[in-house]
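Note sheet for the following structure.
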There are 2 protein chains.
Amino acid sequence: MDAIAVREGEHEPSVIDVPKPEPGDGEALVRTLRVGVDGTDREVLEGGHGEFPEGEDYLILGHEAVGVVEEPNGTDYEEGDVVVPTVRRPPNGENEYFERGEPDMAPEGEYHERGIVGAHGFMAEYFTSPAEDLVRIPDEQAPLGFLIEPISITEKALEHAYASRSAFTWEPESAAVLGNGSLGLLTLAMLVHIHPFERTYCVGRRDRPDPTIEIIEELGATYVDSRETSVDELSSEYEGMDLVYEATGYAKHAFQTIEALAPNGVSALLGVPEPWEFEIDGGTLHEELVLHNKALVGSVNSHVSHFQNASDTLGSLPEEFLDALVTGVYGLDDWEAAFVDDDTTIKTAVEFGAYEER
Amino acid sequence: MDAIAVREGEHEPSVIDVPKPEPGDGEALVRTLRVGVDGTDREVLEGGHGEFPEGEDYLILGHEAVGVVEEPNGTDYEEGDVVVPTVRRPPNGENEYFERGEPDMAPEGEYHERGIVGAHGFMAEYFTSPAEDLVRIPDEQAPLGFLIEPISITEKALEHAYASRSAFTWEPESAAVLGNGSLGLLTLAMLVHIHPFERTYCVGRRDRPDPTIEIIEELGATYVDSRETSVDELSSEYEGMDLVYEATGYAKHAFQTIEALAPNGVSALLGVPEPWEFEIDGGTLHEELVLHNKALVGSVNSHVSHFQNASDTLGSLPEEFLDALVTGVYGLDDWEAAFVDDDTTIKTAVEFGAYEER
């Protein structure tokens with residue numbers, strides 16, 4: 001079967017021919033419909049993230065997949081079920097994090113990530129997965145089911161951020177999303193349509209006209225150009241934010257959010273930057289954290305319940321938003337277009353097979 | 001009546017004569033037993049914190065009090081009840097934070113703090129307080145009831161830190177307290193005797209022999225000299241900490257705790273430093289927060305339920321520990337000794353009146 005992979009020593013993906021996988025005990029065989037492309041895939045290609053599966057010199061890409069169960073193979077699924085796979089797998093048999101259904105809390109070395117670190121991804125005509133790592137979604141979500149993994153990332157981050165504010169009465173009204181990539185925009189739409197925020201902001205560094213700024217404003221949020229207003233100036237130029245969601249991976253943002261927050265606010269951090277030394281006014285930031293009961297919460301990955309919530313969320317987001325967000329879905333005849341990253345591209349996917357209604 | 005106050009322009013406390021207060025509607029009159037002294041009192045004396053009550057040129061000190069109800073004045077208390085007052089009061093009539101019993105979450109400008117900012121403290125023979133700002137404690141806690149306010153600070157900080165970890169299975173085993181002042185030692189004793197930590201550490205910068213190091217080791221904790229092992233080296237020299245409690249006000253510690261934490265750990269920050277610019281490896285710290293799901297939670301002040309929990313906690317701490325912690329209680333004939341801060345002093349209090357069992 002065809003698969004899209006990165007070979008050792010290369011920084012561009014290629015289509016390779018690999019055997020169709022055979023499901024093992026407790027695994028289902030899934031026919032892949034679509035697989036989304038995101039910044040992590042680009043980092044894997046650049047070599048910043050990845051690790052090849054043991055003994056292999058290529059890694060099949062892709063961690064944002066939706067597919068159809070082709071062979072339930074004795075699992076609880078039925079042929080034709082539309083499913084989304086989670087990303088982490090235990091590297092050496094089970095460990096406590098996987099046993100309790102919280103692979104997202106496993107520390108380094110205790111997980112592989114399919115398509116990212118140590119395990120093949122889903123960019124192939126078929127993949128297999130243990131039944132417990134698949135999440136069934138409604139049939140009608142087959143076309144956009146590849147958005148469920150990124151949405152699940154935000155489900156988890158917001159769950160942890162809210163938990164950190166659960167010891168007191170927290171009635172947030174204002175939120176800022178740092179980053180206008182596809183994850184930032186998905187999160188902004190969630191904050192506008194599903195969460196209780198009355199005023200939302202999205203920080204980017206793009207000139208108008210720009211399709212992401214159009215989406216931001218269509219959602220009713222305020223676009224903030226970080227070249228004009230830095231993140232630590234948000235509170236003085238606009239207002240203190242009850243919630244900040246950082247999806248830029250720009251390390252200064254993590255610390256600038258402390259000043260962007262309103263009293264009792266929380267910042268969810270999701271970016272993964274490289275080492276970078278810089279100066280901060282650590283005394284003032286420390287004081288701000290303490291005297292105003294602020295919190296910073298780092299969050300990575302997600303688990304099954306986050307995927308389930310993400311499917312509900314996908315069902316609640318407006319169609320016009322999703323139409324504007326997904327700028328291209330490309331078949332295997334034109335798959336390279338899905339990896340292009342320019343100012344007109346927001347979210348893309350590769351289509352491996354068509355969905356047929358049952 | 002006698003009161004211990006700081007006058008405008010002075011940096012040393014003095015005994016002054018002020019009228020005995022009259023309880024207003026809904027207030028009880030309390031005869032003061034003892035009032036603890038802490039670092040915040042010293043900051044008030046230095047002028048770094050305080051603000052005098054409107055229209056006055058002195059501030060009665062003291063925010064860690066225990067007393068006996070002398071005149072219930074129509075409130076639900078009975079004459080002879082042993083009570084501890086909370087610290088914050090609304091500055092201009094009620095506001096939402098006080099209305100819902102969460103004055104500790106009020107932002108700057110929305111509170112006075114008795115003995116610290118804008119309102120007289122409890123270092124006087126009598127004080128009045130609204131009934132809802134008093135917490136009744138068992139009679140036998142009269143002698144050490146002045147420890148309830150500082151314990152309540154930790155009750156709140158731990159409540160918020162635990163809340164931040166409530167979205168997943170968190171079974172903490174290791175904890176480090178930064179700071180071996182009285183608050184650090186009280187917290188260490190709580191972590192050892194009341195919380196589930198199996199291995200505890202306390203970071204200071206004192207030479208042996210030292211009474212605080214003796215207390216730390218008596219509790220079964222490991223003393224870490226920060227001149228030999230810096231906070232960010234705790235994880236490599238000892239182990240990653242599931243919980244770090246910062247009570248030093250040393251701004252670099254707030255950021256070093258990120259590296260001191262184990263995966264999924266949380267750092268409770270309580271210090272209040274001055275502005276201070278320094279360099280950090282913000283990229284690595286940001287990445288650590290995200291990839292290991294770490295959190296930083298700032299916490300200040302406390303409210304009634306934290307005082308109630310603190311009273312339970314006080315009842316569970318070993319007598320030998322409390323005996324070693326309280327190095328002096330001084331009457332009005334020798335009150336200045338309570339403000340001395342040297343290497344043999346840990347926790348002191350001023351005694352305004354004797355407790356008589358009812």
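We name chains A, B, ... by the order of the sequence lines, and we start the count at 1 in each one.
- A:Glu110 does not touch chain B: none of its heavy atoms, backbone or side chain, sits under 4.5 Å away.
- Interface summary for chain B: among A:Pro107, A:Ala161, A:Ala157, the most heavy-atom pairs under 4.5 angstrom belong to A:Pro107.
- In this structure, CD on B:Glu108 lies 4.5 Å from NE2 on A:His292, to the nearest 0.5 angstrom.
- With a 6.0 Å radius and a threshold of 12 heavy atoms from other residues, nucleotides or ligands, A:Arg205 has its CZ atom at or below the threshold.
- Screening residues 148-166 of chain B for salt bridge (Lys or Arg N to Asp or Glu O under 4.0 Å) gives B:Asp104-B:Lys156 as the qualifying pairs, with residues at least two apart or on separate chains.
- For the set B:Ser299, B:Ala295, B:Pro273, the entry with the most heavy-atom pairs within less than 4.5 Å of chain A is B:Pro273.
- To the nearest 0.5 angstrom, B:Asp281 atom CG is 5.0 Å from A:Glu277 atom CD.
- Heavy atoms of A:Tyr97 lying under 4.5 Å from chain B belong exclusively to its side chain.
- Ranking B:Ala254, B:Ala251, B:Gly249 against chain A, the residue ahead of the rest is B:Ala251, based on heavy-atom pairs under 4.5 Å.
- Residues A:Asn293 and B:Val300 share a closest heavy-atom pair of OD1-N, 3.3 Å.
- Counting heavy atoms from C-beta on, the side chains of B:Trp170 and A:Met105 never come closer than 4.5 Å.
- For a residue to count as touching a neighbouring chain, one of its non-hydrogen atoms must lie under 4.5 Å from one of that chain's; by this rule B:Leu270 touches chain A with the backbone only.
- Around atom CZ of A:Arg100, more than 12 heavy atoms belonging to other residues, nucleotides or ligands sit under 6.0 Å away.
- In this structure, chain B has a heavy atom under 4.5 Å from the side chain of A:Pro263, while its backbone stays farther away.
- When B:His303, B:Glu102, B:Glu288 are compared by the number of non-hydrogen pairs under 4.5 Å with chain A, B:Glu102 comes out ahead.
- The two residues B:Gly271 and A:Val290 make their nearest non-hydrogen contact at O-CG2, 3.1 Å.
- Here B:Ala163 is the residue among B:Ala163, B:Ala262, B:Gly101, B:Ala268 with the most heavy-atom pairs under 4.5 Å with chain A.
- The candidate with the highest count of non-hydrogen atom pairs below 4.5 Å against chain B, out of A:Leu289, A:Asn301, A:Leu296, A:Thr284, is A:Leu296.
- Between A:Phe255 and B:His286, the ring-plane angle classifies as perpendicular under the 30° and 60° cut-offs.
- When the candidates A:Lys252, A:Glu246, A:Glu96 are compared by the number of heavy-atom contacts under 4.5 Å with chain B, A:Glu246 comes out ahead.
- Within the 4.5 Å cutoff, the side chain of A:Trp276 has no heavy atoms near those of the B:Leu285 side chain.
- Between B:His160 and A:Phe168, the distance separating the two ring centers is shorter than 6.0 angstrom.
- Contact annotation for A:Leu269: both backbone and side-chain heavy atoms come within less than 4.5 Å of a heavy atom of chain B.
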